[in-house]
Q: 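Could you have a look at this structure, given as structure tokens, before my questions?
Letters A, B, ... mirror the listed sequences (proteins, then strands); counts begin at 1. Everything numeric here is computed off the predicted structure, so don't read it as measured data.
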There are 2 protein chains.
Amino acid sequence: AEDVLEPRPGASKHLSSVFQDLDTFPRRHIGPSAKSVEQMLAALDPPVKSLDEFVKQVIPPDVLSSRNLKIRGIQESDQSTSRGVSESQLLKELEEVMSHNHPDVSFIGCGYAGTKVPEVIKRNVFENPAWYTSYTPYQPEISQGRLESLLNYQTMCSDLTGLAIANASVLDEPTAAAEAMTLSMGVLPLSRQKLPNKTYLVSSTCHPQTIAVLQSRAEGFGIKIEVCDILKDDCHRVDELGKDLVGVLVQYPDTEGGVYDYRKLAEKVHKHHALLSVATDLLALTVLTPPGEFGADIAFGNAQRFGVPLGYGGPHAAFFACSDKHKRKIPGRLIGLSKDRLGNPAARLALQTREQHIRREKATSNICTAQALLANMSAFYAIYHGPNGLRDIAHNVIAKTRYIQSAIAEAGFQTGRRGHMNNEPAAFDTFVVESGSKTDAIIAHLRESCLHVRKIDDGHIGITVDETTSEKSASTLINGFRNFGNSSASDKDTSSFEKTHDVEVPAAFKRQSPYLTHPVFNSYHSETELLRYIYHLQSKDLSLVHSMIPLGSCTMKLNATTEMVPVTWSTVSNLHPFLPLDRAQGYAKLIRQLEADLAEITGFHAVSLQPNSGAQGEFTGLRVIRKYHEEKGQKNRDICLIPVSAHGTNPASAAMCGMRVVPIKCDPLTGNLDMEDLKAKCQKHSDELGAIMITYPSTFGVFEPQIKAVCDLIHQHGGQVYMDGANMNAQIGLCSPGEIGADVCHLNLHKTFCIPHGGGGPGVGPIGVAKHLAPFLPGHLRGETGGDKAIAPVSGAPWGSASILPISYAYIKMMGAVGLTQATKVTLLNANYILARLKPHYPIVYTNANGRCAHEFILDARKFKDTAGIEAIDIAKRLQDYGFHAPTMSWPVANTLMIEPTESESKEELDRFCDALISIRKEIAAVERGEQPREGNVLKMAPHSQQDLLRGEWDRPYSREEAAYPLPYLRERKFWPAVTRLDDAYGDTNLFCTCAPVEEE
Amino acid sequence: AEDVLEPRPGASKHLSSVFQDLDTFPRRHIGPSAKSVEQMLAALDPPVKSLDEFVKQVIPPDVLSSRNLKIRGIQESDQSTSRGVSESQLLKELEEVMSHNHPDVSFIGCGYAGTKVPEVIKRNVFENPAWYTSYTPYQPEISQGRLESLLNYQTMCSDLTGLAIANASVLDEPTAAAEAMTLSMGVLPLSRQKLPNKTYLVSSTCHPQTIAVLQSRAEGFGIKIEVCDILKDDCHRVDELGKDLVGVLVQYPDTEGGVYDYRKLAEKVHKHHALLSVATDLLALTVLTPPGEFGADIAFGNAQRFGVPLGYGGPHAAFFACSDKHKRKIPGRLIGLSKDRLGNPAARLALQTREQHIRREKATSNICTAQALLANMSAFYAIYHGPNGLRDIAHNVIAKTRYIQSAIAEAGFQTGRRGHMNNEPAAFDTFVVESGSKTDAIIAHLRESCLHVRKIDDGHIGITVDETTSEKSASTLINGFRNFGNSSASDKDTSSFEKTHDVEVPAAFKRQSPYLTHPVFNSYHSETELLRYIYHLQSKDLSLVHSMIPLGSCTMKLNATTEMVPVTWSTVSNLHPFLPLDRAQGYAKLIRQLEADLAEITGFHAVSLQPNSGAQGEFTGLRVIRKYHEEKGQKNRDICLIPVSAHGTNPASAAMCGMRVVPIKCDPLTGNLDMEDLKAKCQKHSDELGAIMITYPSTFGVFEPQIKAVCDLIHQHGGQVYMDGANMNAQIGLCSPGEIGADVCHLNLHKTFCIPHGGGGPGVGPIGVAKHLAPFLPGHLRGETGGDKAIAPVSGAPWGSASILPISYAYIKMMGAVGLTQATKVTLLNANYILARLKPHYPIVYTNANGRCAHEFILDARKFKDTAGIEAIDIAKRLQDYGFHAPTMSWPVANTLMIEPTESESKEELDRFCDALISIRKEIAAVERGEQPREGNVLKMAPHSQQDLLRGEWDRPYSREEAAYPLPYLRERKFWPAVTRLDDAYGDTNLFCTCAPVEEE
Ligand SMILES: Cc1ncc(COP(=O)(O)O)c(C=O)c1O
Ligand SMILES: Cc1ncc(COP(=O)(O)O)c(C=O)c1O
Ligand SMILES: O=C([O-])O
């Protein structure tokens, strides 16, 4: 390993090494130097001689793998090699690979539109580590920047949809549709929820991927999806379904460009006490009457065309808005305005407690990681353009659409929307051409010019225009049609269309209400102003550019620049997800290799990259298991065993798959699974046992010794083993789910494989499966993924969030097998080093028989409640004063802190963090000894903002300097919380989820 | 103009506008909205109805131009158009243009080497506005980040050269050589400085561009440059020259790779009381004995290969180091360590007072803008690699060099260095091949493979290897030679060279001394650690991402992202400056167009882009004038008239051109040139009058009404008019130097044309000239620029800092003629708006007869000295507490502040700034009224750092909150000075210019 980690040219003096690149990556990714590793091993209790010996004390012998990981180079001819490729080589070779992607020109539409990402936003948000490396804003005092930005996003979505409340994004438009469906079900009386023929009525003019994903989501809830022409015969299906109606979904404008009046439909749906959901388009809503004004209860869609690159399908932020009545049922994360200890307004994650952690197996949504970074980009896009600028873009799109439409009509084609091919001008950005028997020929002809349209069916072509549509591509398109047209106009030049084009939408649909009236959308229209606003928000947020973020179960490791660079290459970011596959051969190669590497790492047969979060991976994996049982004629196997220590997404995902969750106890002493309880439950449910969901190493931070026995037991009882791979960072190269005996495992590429957290997303949650499950991996609309037996798609795009896959790919290729394995060893060492330093000061909840933890461990704060009135939250907030983000708080054990340092942190940083916690322990001791009061002490008052400490009077039992600079390093590097501690109770009772009202003026 | 500034699609509804891009740039670049412009016009005193009417009150009628500016599109077929191209179009079209640049593979060397720019530095420094938009650190309290970084740079250069002191960069290696020469002359007794045959002895193995630029610089000082084989005959030329010796320059390793022992030479030079200067290479010095250890007095070179892209020649940071004895004569900027009011260590620009402002026409150096941003990049590169990592890179370069050399030798060629073609292994990265009659054929053959070597002369080829040299390019190179070799080895595969290659340098030259031992070079080797260090430094610096930087004469306008993006394209940044011209056709086009646009804007006939700073432009322009006179047989015309108000670089540049400076008085009341004095001086010096240097609008911020008369007068007396274009931002589109009657003008692209200040550089200082001067514009080594009569080159690369030219190019093309003109109007309006708001509160030094200023004006602080004991510096420092960078202080009038807002600032920002100054005026009034003491008040104690305000005791006559939050906006947006006021006196007497010693440990 030595030379991979510390290349020394000439040290070997062998010719073969003369041209070896020196810019090797593992030594840049792994924090501790070789010398630090030695020092840390010596500081363990008891000390250990070597890293390998240490690993044996952490991982049970029968779990430790004997195989050597193999990671090939980028060139497929490369033999598998233990060394990773260098940073410069990675960029060079990956650039070559991605040069086989051809963005071309797309008129495909279907929910994805070209957009001009303002360069100032691209550089200063999308490419800025201060934005992309931050964590989900669970600690609001050091997250006010992105919380404000997400409030802007919510305000934007709420304003544009005309609905009272909008959340801080869900995954993609189709899963947003699924959330709309389950919310609709959730508001029905329980009796209706249980009806066997309950049906969700879906307009046939929704995007096909929306309908496909709905199918996959409806099944677990026993909902029938009925796709129909919803307005037909005065919406008679609504009436017919009556009590069986779960709700109605329509799209506006619809997938073929139609805009219809849904007022009557809304009334009818409401008559049946059900909800009307509307899939919609934010840009269109700048000119069209918003859904909230025609009776919609829910509106959702994709905010992508607000300045987020296509990225071959994602990530983008889907938005989700609903009426005030349902605000406490809105899925995902919701930012709300509350106030801090000083009464200053401050934003926070609202309604947190309602998350899956509480509802668990009753949850109807498992969304956790969402699309915060992309939501922020979209919000900045709206801020930069302002209401008028957005309307201008909408008008421009309309003008271009109608121009192209009229030219194609003049060329002799009938155009319009489904059932109305009367050449009436498109309402917004999309129209359909009746291409009849020439359909394939036209499409093929246009493809020759690297221009792509949508084949709606054998006789119709769809055309969608966007902000980026240029005169040149428009004329190529028009000329393409002329070649096939019947009219004499076909030899006319496009410039001959001299009539004016009205940009107004039909009067009946014209939006009258104002939107984006808040000053934030009307103040930052020059680049200078926007830049300063971005930096101002940024300055309030703690991220990995400041200090370690020791989030247990979240693996906040380095997001290296070289990994991030390809994301914004145009060969990566500008591809429409439904481009012909042969135009994206670079992606095909990258995906193939990434799947193969992840299969190698997990010890599995096959991998699907479609799920776009960990929770989505869980859902997908369980659906695959259910399909497997079903194929074997065992559809009844619907019991899912889940340890009580599991992450809330596990039971939620199981519930969404229609499984019945049976909890398994854990041993209160060791934290290990209670084997007796497990055996009993297996016995009891032997015939119905579908699966167990288990996290490894456990959520308590320990490699359970009996894991293989667990797998055997489950298999004996006909069940499948689902492994939650959130803790995969502790396994790579040392052991693997496949070898351990699991059948499925999801990975969080946004934890273990370096996709940055983005302040709460994006993520990618691929699943790996054993051979017998591979046939059931998810398919997609055009057969891009999956085979005959595939489950229905789980994401709108075939490869979910394709544009960020290069990050994980780059990580794996640059680390190579040896680097990856070394990283795992160091991640274990870093956690155990902190453990060793803190053990004399704090109780530790669980370790293994050797006194070791895995890659994380739980620090116990419970006893301080008695001794000093101090709780975990006080320690967490006080850590902010020391410049650190708190560890995971009160999960999986209440009133504790779960610490995970990752391999990227240096010994120096670990020491600073330990020093901080030890110093805090002394502050607690002062309270214990009665030297400081139990209330109003420096911990209870934490965190301290500048304004708090600069106030005139000072009557606290500690000094300003003790509050601000408890340790010397803080005088040089101090990160200031922007506000003091948030008032959660106030925020919970006064839910306010749009931009703060302006006080002055 | 309306539609350029606020495009409204559909507003016109004309088909022609359907496909017009909406992402127009002028409205993003110009801060105030149309509405703000109206409000500001109304707020003037007296108010004005329209912008055009207002302009007429500012610019004298005979100066105001009647022509309309014409700026063509990027396509050369485009007709000149008033509209600029959109942001997206700019990037698309410029990418196409630059795709005609082919970086290829270069073995050319000659002072420019390929380097791997670490991605983490590229993204977080080079592409980060927080780094690139900051100003020269004249205000140390809000510049500690880059000051620390520049101290790192100085330490790095000092350590590696083995000399006591190094500065914070000079322009490029050849001008550094010139600085060495003038410093060498400056230390001689005056009697020797005046000797008619004084000679600077230059080794013939210095880089040719170094020798060429020395020629151009020596002339003005009356120094003869003698190029010779310096060690020949025991250095007998040194002895021969005796008292005529100005100094000696050698290169180490030399331009052909030779490394020689200069110990004896040093002794001999010192015997004659002259200085030995050594051009050197930082990477080589990690393994070679440093110049400071063999007797060099000065060492300099190019830090480019430490992580700065080639960029077709620049910008890169040249370093300059000298022995302790000469530290107070070191040219350019020097960062020193001092302490703040609280006694904390803090860095600052040291020895500031010795700049040209003081020495003026006695100055031997005119350097002002340097290469701070690039120096910082190089420092971070050294920090990231550390001493061992750098040595590894050096060893790797040596190994690759010797590998290639031995292969070429085996192919049957003699290799070595000049005079030693004995196949002895290269000492470092360069060797020469005796290619004889095959020279051209080999070069042509290699070019077919897109691989370039250096043609040394008709019989020799030079090969230089670098960090980026790959196995593939090495074998292409070797195989190329084999085709022409005589040996049977020519069909052997390169992999057959199985012998080992020693990476040690010859024992006699092997470096023994340690370097980069300071912790800063040994702590940040993981990407996480480096990233946090970069951000930590950044957090201390105020830049344009925070607030307006109203620097009079420095034009800190928006540096738009779209302008910056092309700089890091590989088609822009990876080109060697001596690549065959046909490989850089993209640059050729861009340069041609940029020259044409600048000529159009200035009203001149031709432009040279070679000078890489404003001061360099001055020098170049004056040299052109002198050459013109000389050609006319009037070499005696050596008088240069310069108003007393001129910037210090003006007299310095004149002196460097061998001109005698005659100052011209200004009217103390109006600030205008004293016409009587001017006439008198013209009369007096009529026969010797060479030029006048004049800034327009004047450095007092006024369009002098008699400017045309001045030009006429000078011309009548046979002189030429040199216009300092620092204030060009007030002219564009409204008037021009050419129309006014000037003959030459330099532009600061880093002021008027959006190249960011980079914390003190880079800059570009092109000159425009009238037709009669065009033949004399600077040439270059291979005739890339200039004609028969060209003056010698002034920069190492033909187009100076070529890689940042796209910034100005993009600005001009995106603004278009209308946008540029509108920007000028708004820049005048913004200044006059501030003037109007502040006039009731502060005296204003100069305005024109209508009470208007130009684009800047001078605020008078002089009377407060009496009334309150307050000086301009106190206001400047107090402004930091309000979140603003101080305006230019005490120049051109002592104890005043010169305010220039630029067009990029919005009315809201201007108002905040005015509010701050008005609030400060109230604070002064409180002192005047005796309510606050004259010492220890909030102004005298400014700025306030966090630590200052959080101290336990508080006995000041103002509260902590009054110090920190004097106005409400500061509670939301507060920028904190990192330290309190610097102690200049301490720093001046205790000059300490490397990293602060580590206290603990
Ligand atoms: C153990 C565990 N399982 C599942 C998840 C859910 O992953 P995601 O947030 O990507 O949906 C998490 C994430 O926080 C987790 O820690
Ligand atoms: C009036 C004036 N002239 C000349 C210069 C010198 O320009 P540079 O710093 O680019 O060398 C300046 C710059 O600050 C200036 O303000
Ligand atoms: O940079 C100046 O010295 O103006």
Side-chain angles (χ1 to χ4, degrees), chain A residues 8-10 13-15 18-19 22-23 28-31 33 87-88 116 119-120 123-124 127 129 392-393 395-396 399-400 403 470-471 474 497-498 500-503 526-529 531-532 535-536 545-546 558 560-562 565 904-906 946-947 949-952 959-961 964 971 973, chain B residues 8-10 13-15 18-19 22-23 28-31 87-88 116 119-120 123-124 127 129 392-393 395-396 399-400 403 470-471 474 497-498 500-501 503 525-529 531-532 535-536 545-546 558 560-562 565 904-906 946-947 949-952 959-961 964 971 973-974:
Chain A
R8 284 281 168 273
K13 289 186 191 165
H14 283 303
L15 194 62
V18 165
F19 285 97
L22 295 188
D23 55 336
R28 302 305 190 178
H29 174 81
I30 296 173
S33 65
E87 296 194 44
S88 54
K116 293 185 177 173
E119 294 296 326
V120 58
R123 171 164 289 192
N124 296 291
E127 299 181 337
D392 289 346
I393 295 171
H395 281 157
N396 178 255
K400 293 192 285 191
Y403 172 84
S470 69
E471 184 160 11
F497 288 90
E498 280 302 347
T500 63
H501 285 261
D502 196 347
V503 297
S526 80
E527 180 165 333
T528 299
E529 288 288 336
L531 181 70
R532 287 183 194 153
Y535 268 81
H536 172 57
V545 310
H546 299 103
L558 170 70
T561 318
T562 298
V565 163
S904 296
E905 297 302 336
S906 66
Q946 292 166 356
Q947 293 193 32
L949 295 184
L950 290 177
R951 278 137 58 95
S959 73
R960 297 173 212 256
E961 287 179 289
R971 290 186 179 267
R973 289 202 196 188
Chain B
R8 284 281 167 270
K13 290 188 192 163
H14 284 305
L15 194 62
V18 166
F19 286 96
L22 296 187
D23 56 333
R28 302 304 191 180
H29 174 81
I30 297 173
E87 295 194 43
S88 53
K116 293 184 178 174
E119 294 295 327
V120 58
R123 172 165 288 192
N124 296 292
E127 299 181 336
D392 288 346
I393 294 170
H395 281 158
N396 176 255
K400 293 192 285 191
Y403 171 86
S470 69
E471 184 160 10
F497 288 91
E498 282 301 348
T500 63
H501 286 263
V503 297
H525 298 168
S526 79
E527 180 165 333
T528 299
E529 288 288 338
L531 182 69
R532 288 184 193 151
Y535 269 81
H536 171 57
V545 311
H546 299 103
L558 170 70
T561 318
T562 298
V565 163
S904 296
E905 297 301 337
S906 66
Q946 293 165 356
Q947 294 193 31
L949 295 185
L950 290 178
R951 278 138 58 96
S959 74
R960 294 173 155 101
E961 288 180 287
R971 291 189 177 262
R973 291 202 194 187
K974 171 80 186 168

Q: In Å, rounded to the nearest 0.5 Å, how long is the span from CG of A:N124 to CD of B:E127?
A: 10.5 Å
Q: Looking at residues at least two apart in the chain, or sitting in another chain, which of them share a side-chain contact (heavy atoms from CB on, under 4.5 Å) with A:S906?
A: A:E908, A:E909, B:E529
Q: Look only at the side chain of B:N396 and the backbone of A:V18, and say whether a donor-acceptor pair between them is shorter than 3.5 Å.
A: yes
Q: So which atom in A:A560 and which in B:E527 form the shortest heavy-atom distance, rounded to 0.1 Å?
A: CA-OE2, 3.4 Å
Q: So for A:Q946, is it side chain, backbone, both, or neither that comes closer than 4.5 Å to the heavy atoms of chain B?
A: both
Q: What closest approach, in Å, do B:L950 and A:A964 show between heavy atoms, and which atom pair accounts for it?
A: CD1-CB, 3.6 Å
Q: Got a second to check how far A:T528's OG1 is from B:L558's CG, nearest 0.5 Å?
A: 4.0 Å
Q: What is the minimum heavy-atom distance between A:V120 and B:T561, and which atoms define it?
A: CA-OG1, 3.3 Å
Q: In terms of heavy-atom pairs under 4.5 Å with chain B, which of A:K400, A:E87, A:H536 leads?
A: A:H536
Q: Say whether, by atom type as modelled, one donor and one acceptor occur between the side chain of B:Q947 and the main chain of A:R971 under 3.5 angstrom.
A: yes
Q: Determine whether B:R123 and A:V565 satisfy the following criterion, side chain to side chain contact (heavy atoms under 4.5 Å, CB included), listing intermediate values before the conclusion.
A: CA-CA 9 Å; B:R123 172 165 288 192; A:V565 163; 4.3 Å; yes
Q: Got B:R951 and A:E961 here, is their nearest side-chain heavy-atom distance under 4.5 Å?
A: yes
Q: Taking salt bridge (charged side-chain N to carboxylate O under 4.0 Å, His left out) as the test, write out the residues that go with B:R973, two or more places apart.
A: none
Q: Can you tell me which of B:S88, B:P129, B:S959, B:G31 forms the most heavy-atom pairs within a distance under 4.5 Å of chain A?
A: B:P129
Q: Among B:E119, B:R28, B:R960, who wins on heavy-atom pairs under 4.5 Å with chain A?
A: B:R28
